[in-house]
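Not measured: the values here are computed from a predicted model.
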Amino acid sequence: MLQLGTPVRLQRLSERAAAAAIGGALAVGAVPVVLGAVGFTGAGITASSLAAKMMSAAAMANGGGVAAGSLVATLQSVGAAGLSTSSNILLGSVGSAFGALLGGAKKAPSSSPPGGPRAEGDQPGENVPQVEPPKLPLGSEKHEK
């Protein structure tokens, strides 16, 4: 018989699975949005955008043309045609892994103690008398009667 575990464990597992799905979808969906916002669009590089500045710098560095395979050329290609299926799968996998990792992170404990805030001087361990261990007589001491 297959045991699935406690309800808390199932909830954590489902939260992690949901975070993985969201992470993968965001990773794949964010690429065209970010590239379009930067200026790499399907219609070409948008004038006065960051992409236009990158293209200008690349052209000046290469004597007037943008080198094939350069960062600007690759980003323009992705902006115009999108990512290949294998690239989308890879990007989605990495996004899912990050989503699962972040979705499974433990929540930070609250800053106040469970019993509420304590008054000053009422911290645990304070005002507790320290008991000294009993002193054992040494052999060189003489006992008085």
Side-chain angles (χ1 to χ4, degrees), residues 1-140:
M1 185 166 100
L2 179 67
Q3 279 188 317
L4 294 176
T6 64
V8 172
R9 187 174 179 150
L10 286 174
Q11 182 180 0
R12 287 184 189 157
L13 184 62
S14 64
E15 287 174 359
R16 185 171 275 187
I22 291 170
L26 280 176
V28 172
V31 170
V33 173
V34 170
L35 287 177
V38 172
F40 294 103
T41 66
I45 292 181
T46 306
S48 301
S49 65
L50 178 61
K53 290 175 180 51
M54 289 174 65
M55 184 175 181
S56 174
M60 288 174 40
N62 290 318
V66 176
S70 67
L71 178 64
V72 174
T74 303
L75 291 176
Q76 178 54 41
S77 173
V78 172
L83 289 170
S84 66
T85 302
S86 60
S87 295
N88 275 326
I89 290 170
L90 179 65
L91 188 61
S93 298
V94 170
S96 293
F98 276 116
L101 182 70
L102 296 176
K106 294 184 179 179
K107 294 175 178 58
S110 63
S111 59
S112 64
R118 297 179 186 263
E120 188 176 325
D122 194 23
Q123 297 298 321
E126 284 186 12
N127 302 330
V128 175
Q130 298 294 322
V131 179
E132 289 186 32
K135 293 183 181 180
L136 299 173
L138 298 175
S140 63

Check your understanding: Which heavy-atom pair separates Gly39 from Ser49 by the least distance, and what is that distance?
Key -> CA-OG, 3.7 Å
Study note, to complete from the structure: In this structure, CE of Met55 is separated from CG of Leu71 (nearest 0.5 Å) by 13.0 Å
Check your understanding: Nearest heavy-atom pair of Gly103 and Ala19: which atoms, and what distance?
Key -> CA-CB, 3.5 Å
Practice item. Could you tell me whether a side-chain N or O of Ser14 sits under 3.5 Å from a main-chain N or O of Leu10, the two making a donor and an acceptor? Key: yes
Exercise for review: Report the distance from atom CG of Leu91 to atom OG of Ser86, rounding to the nearest 0.5 Å.
Suggested key: 11.0 Å
Check your understanding: Is the side chain of Ser93 donor-acceptor paired with the backbone N or O of Ile89 at a distance under 3.5 Å, no angle test?
Key -> yes
Check your understanding: What's the shortest heavy-atom distance between Val72 and Phe40, and which atoms?
Key -> O-CE2, 3.8 Å
Study note, to complete from the structure: Contacts of Ala17 meeting side chain to side chain contact (heavy atoms under 4.5 Å, CB included) (sequence neighbours excluded), chain-then-number -> none
**Study point:** Min side-chain heavy-atom separation Val66-Gln76 under 4.5 Å
**Key:** no
Practice item. Flag yes if more than 12 heavy atoms outside Met54 fall under 6.0 Å of its CE atom; otherwise flag no. Key: yes
Review item, side-chain donor-acceptor pairs of residues 22-38, under 3.5 Å, at least two apart:
none

